[in-house]
Amino acid sequence: MSDAGHTYSVREWAGICVLTLIVSWAVVFTSYRTTLETQNELFRESFDDFTQQMGSHVGEIKTVLSSLTGWHYAASDVHNTEMNAFAEQLRSDRPYLKGVGMFEYIRHEELDYFNTTMSERGLYNFEVKTLAANGEPVSGITRDYYLPVSFIEPMTPLNARILGIDMRGLKNSPVSRETLTEQTAQLISVPDGWPIEGSLIAVKSAYYGMQPSTSDREKLEQLYGAYWVSMDVAQMLPNIPLLDSKAVSVSITHAEGETTLFHQQSGKGERIFFNRYFPEQTSQYSWAVGGDKLKLKMTHKPGISLKEILVTILIILMANLFVLLILTLAHNRRQAVRDKHTHLKTLYKERLKAEKTLNSITDSVLSINGTLGITHLNPAAMALLSVTREQAIDKRVTDLVMLSTPEDPESPFDVKQALLDIAPNGKHEYDALFVNQGGITQTLKITLSRLQGSNGYVAGYIMVLRDVSKERRLTQELEYQATHDTLTNCTNRYYFEKELTLLLEADRRQSHEHALCYMDLDQFKIVNDTCGHSAGDKLLKELTDNLNQIIRSTDVLSRLGGDEFGLIIKDVDPQQALKIAQRFHQFFQNYTFHFDNKAFPVRASIGLVQISKDFNDISEILSAADIACYSSKDSGRNALHVYSEKDEKMAARYKEMNWLPKLQDALVNNYFCLYAQAIASLSPEQSGYHIDHYEFLIRLIEPDGTEVGPHQFIQAAERYDLMRELDRWVIETALKTVAGLRHTINEDTVFSINLSGQSAADPTLLPFLTEKFEEHGVDPANIWFELTETAAISHFSVAVELIEGIRCLGAKVALDDFGSGLSSFGYLKNLPVNVVKIDGQFVKNIDKDPVDQEMVRAIHHIGKSMDIQTVAEFVESDDAIQVLRDIGVDYAQGYFIAKPLPVDEALAASAAMTLNATTETLARTG
Amino acid sequence: MNYRHKGLRDGLVQIARRCASVFALAGVIGITTAAFAEDRVCVYISSYHKGYQWSDGLEHGLKSKLPYHCNVVQFDMNTKRKKKLYEKVIAGKAAYNVIKNHQPDVVIFSDDNAAKYLILPHMSDGSIPVVFSGINWTVEEYGFPLKNMTGIVEVAPIEPMLVQASKLSDGGFNAIYLGADTLTEHKNFDRIASGALKLGITLQARFTESFSDWKTQFVQSQEYDFVIMGSSSGIVDWNKEAAKAWTLAHTSVPTLTNHKWMMDYTVLGYTKIPEEHGEWAAQSAIAILNGVDAENIPLVTNRQWDLWLNSEMADSGNIMLAPDLKRKAKKINQYASE
């Protein structure tokens with residue numbers, strides 16, 4: 001064995017393998033030599049056994065033949081029945097004996113008598129025949145004498161064919177009367193066509209009389225015939241194991257080796273022979289049967305079977321593998337020892353490094369054993385706990401580290417329980433307070449880890465203490481800033497909404513009632529505008545301080561925006577909530593802000609909402625409060641309004657609010673479409689009318705496909721400042737549509753587009769229109785822009801600029817809903833519009849109401865005097881058209897002429913209408 | 001010796017291998033046989049009916065060998081009960097129709113009526129191989145063997161019976177034959193008389209048509225050295241019990257018969273074994289199915305017989321029997337239930 005540091009080189013490994021192989025092969029060769037010698041010995045023993053047993057069978061054959069002839073001489077007359085029984089008995093325990101029979105010596109002159117006798121014995125039509133090679137008897141032979149078979153046992157339909165067959169005529173048969181008399185017994189190889197099983201026939205002569213004569217001539221005279229037995233030589237072979245192993249060739253012959261009765265070739269393919277060292281062995285033996293001999297030849301080739309060789313190779317390989325395995329294990333063992341040594345070194349270094357690291361970190365680290373005794377602590381821990389190592393080691397941690405909970409500084413933190421609570425290999429973190437030796441309270445983050453021993457028991461704990469006082473302080477400050485308004489120091493919208501959310505969630509679980517009060521200061525802008533923002537800021541701070549004094553300690557007052565405040569009133573029923581809100585309202589009736597010798601009475605619009613379970617989220621509550629507050633403002637400000645679902649105004653307001661997300665969604669996703677309503681041109685010369693004008697009207701498409709008219713959402717759009725976007729969508733889409741219709745409509749067809757008041761005040765609209773006309777290649781002369789009277793008046797100066805600009809582009813401007821305002825005519829004078837659309841209230845009943853007729857007539861006349869065309873809306877009958885035509889109104893629009901339809905349908909309907917009107921006119925005139 | 005241990009192991013291996021081979025071979029043979037058996041048809045025509053002792057024995061021998069080689073279709077002509085000639089002719093025609101319908105590979109028939117009413121009128125052309133069995137004494141009267149035909153002839157063991165009869169009657173040569181007055185009985189008598197003549201025995205005959213006459217003749221037959229009991233079949237008013245009582249009362253000389261069913265009235269019986277005929281016919285049919293030409297299978301006669309002894313009758317008649325004869329004979333009373 002080499003020392004622990006030694007490893008085998010490749011050459012050494014190869015040497016070990018070769019040595020192992022040589023040793024293995026030496027063992028194998030010795031084993032083979034012994035095996036082959038044993039085989040030879042076995043062969044010799046087997047051959048002796050074989051000859052002995054085979055000789056016994058040959059002796060039995062002789063005995064059987066002697067028995068048959070003996071019985072022949074003993075019986076006075078040979079009777080078939082008795083002979084059957086005798087032959088059957090002879091065969092009974094000799095399986096190799098396949099047949100027993102007799103043939104008789106018949107001279108030619110005795111043939112007829114013989115045939116007749118045999119027929120009378122029960123063999124009908126008996127006839128001496130010869131046997132063809134195919135086994136079929138052939139009759140009609142003539143010889144000087146015959147040796148026909150006259151008895152056979154066992155007799156079966158197949159065997160029975162042998163009866164009458166002349167043994168003399170068989171192919172290769174040496175049997176003749178001469179051989180019968182010369183030899184006591186002889187052997188015949190089974191001829192072709194022989195119907196009885198077996199490969200060899202043994203024959204023994206029989207004579208008339210009790211004793212055969214010694215003289216050949218007399219023997220011939222007394223020759224009766226012969227008894228024979230048919231044998232299967234293969235079945236006579238003894239059961240010798242060596243034969244089965246196929247290591248031996250066996251050959252049995254007769255007639256001096258001319259005829260092979262049995263041959264078994266040794267199995268060459270399965271064995272490997274070593275002839276050079278172990279030559280084959282041959283043994284021979286013969287048995288005499290009368291004048292003939294049976295010869296046995298056995299050859300043995302010692303060898304090793306392929307299977308054994310393969311097993312040997314396998315064993316050698318396994319032995320080599322085993323040696324290699326042992327060597328590898330030994331090598332690995334040494335390597336493991338070396339590795340362990342190296343690991344220990346590394347571990348020592350790592351430990352030093354870890355100790356240095358522990359000593360250098362600012363966190364306090366304590367190692368604690370299973371019984372809570374301190375086993376190690378780093379310098380930071382010593383500093384924190386103000387102890388020396390010696391004072392700390394082995395002391396129970398619960399005696400040294402005295403902590404309290406952050407929630408209640410008076411309540412001690414149970415270190416022991418915290419350690420015991422840790423799951424195996426688990427880790428827990430806590431915050432705790434620690435009062436150091438200087439009396440300063442520190443917030444510590446404690447990390448406790450449990451060390452698990454290999455046996456499953458607690459190996460100890462690690463306690464890491466980190467001073468997080470500064471972090472906690474900073475966090476608290478950040479938290480405060482996030483939830484408080486820096487100006488007023490009261491809570492902000494974030495905190496307010498968070499608190500409201502918690503309240504709503506708690507409210508769902510409990511049955512407590514709460515309320516929300518929304519306050520918006522009236523005319524706060526005046527303070528800012530008059531005295532500057534510092535005054536506004538002061539007002540807000542002062543107001544907050546005052547409000548804080550009148551709220552309950554449980555309520556939450558937050559500044560939600562510039563001059564908006566929210567108050568969450570907890571645990572109150574509607575009456576209580578109203579009282580508190582009224583207190584606020586009352587406060588504002590008397591509160592005056594003084595700044596720079598100026599006094600500003602401060603008022604607020606207040607909305608109160610009782611928080612019920614009907615609200616799904618805080619946005620709904622805030623919306624309700626907003627609506628209530630808005631209602632207060634609507635009612636003249638400085639008022640308190642309580643939110644109620646039944647309140648119609650509020651409902652409308654709420655409805656508007658509901659439209660907001662829909663409109664925003666529709667604008668983003670293009671959920672709008674355009675309709676067109678035909679406007680008829682009224683010619684005083686004609687009784688009918690001509691359609692060459694359409695007004696585009698917007699529709700909103702609901703998710704279910706329903707199309708909603710503008711009257712439902714326009715108010716909401718105006719309130720939430722969406723009209724500009726809506727108008728631009730209409731302008732863009734309308735111009736695109738007109739451009740698309742360029743080749744299908746008359747070039748002088750006019751389309752109207754509505755503009756809202758917000759658009760009217762939009763200074764960027766005109767550039768937008770200019771760009772879009774160019775983009776879509778639409779002639780502005782084909783476009784009217786309709787501006788409501790109210791919108792135009794609300795933004796008068798800007799509207800005038802817009803109207804002039806539009807006219808400069810080449811388009812016309814129509815004043816919509818004219819007459820609905822109080823001073824319509826006054827404004828008309830100063831608005832440079834091209835068209836006036838007379839409000840429907842004057843048109844609807846014009847055919848019946850003379851006042852309406854006069855009103856319309858007046859508008860028309862004024863229009864005409866200003867070169868302004870007129871359009872009558874809400875035309876609902878043919879009579880109304882006639883009246884309007886009589887007055888001279890240029891255009892008519894209303895359901896009687898056409899309802900708003902999708903653009904394509906509107907155009908198609910108008911074309912059909914025009915055709916009918918023309919036909920009607922022609923009919924009337926014609 | 002070492003090799004004996006090795007031999008034991010090798011022997012076990014060999015046994016296992018051979019068992020496997022045998023099972024495999026048996027499987028192959030079984031499948032092959034089953035396949036052949038399905039393909040090949042053997043029609044067996046019985047002249048008589050089920051329940052007739054001779055026919056049943058013959059059928060038993062036949063079916064013990066044959067069914068493994070072919071599908072056996074059997075038709076019973078029932079001519080023992082059909083006395084009228086036209087009925088037998090119709091039975092022959094019906095049997096032929098069965099053969100025509102099944103187109104068998106080989107036809108086997110038993111007993112004379114099938115030869116007369118089936119083979120000779122319908123199947124003498126040799127187009128189908130035929131194996132016969134149970135034809136009495138000789139086939140010459142039918143001109144058998146025909147082309148494509150082989151079979152076994154039914155002969156009674158006359159010679160041993162007559163030799164034994166002579167021994168029992170102290171070399172008696174004056175004997176009488178007693179049977180029903182039927183053609184068969186006349187034929188039987190002729191055969192036995194011929195055999196007797198070769199042994200120097202004079203055999204006279206008495207044929208009767210009635211039971212009373214039979215009884216009279218039986219009493220008179222006791223005057224002879226021994227009596228050969230022919231068949232009572234044909235005696236219309238035959239009464240078994242009366243005949244038994246009568247023979248018990250009047251037997252005084254050895255009585256011998258070739259008919260098993262006459263053993264109730266006879267001392268010794270030398271009877272044919274019907275199974276031997278059935279088995280030979282089956283083996284011949286199998287050889288034909290395996291390709292052997294029927295004409296190359298020789299016609300043979302039966303070679304076995306049974307020796308029966310009615311001890312009660314022997315004792316009643318004071319017939320002295322040799323001890324060896326008593327021991328080797330089957331006892332009729334012992335097997336009466338068979």
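Lettering follows sequence order; numbering is per chain, from 1.
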Give, as side chain, backbone, both or neither, the part of A/Leu158 having an atom under 4.5 angstrom from any heavy atom of chain B. side chain
Charged N-O contact under 4.0 Å between B/Asp306 and B/Lys330: yes
Aromatic contact, A/Phe114 with A/Phe126 (centres under 6.0 Å): yes
Under 4.5 Å to a heavy atom of chain A? For B/Val300 that would be both
Of all of A/Ala160, A/Ser119, A/Pro157, A/Gly164, which one pairs up most often with chain B through heavy atoms under 4.5 Å apart? A/Pro157
So that I can tick it off, tell me whether B/Glu276 and B/Lys272 are bridged by a salt bridge, with the cut-off set at under 4.0 angstrom between side-chain N and carboxylate O. no
Validate the cation-pi geometry between B/Lys187 and B/Trp137: distance from NZ or CZ to the six-membered ring centre under 6.0 Å, angle to the ring axis within 45°. no
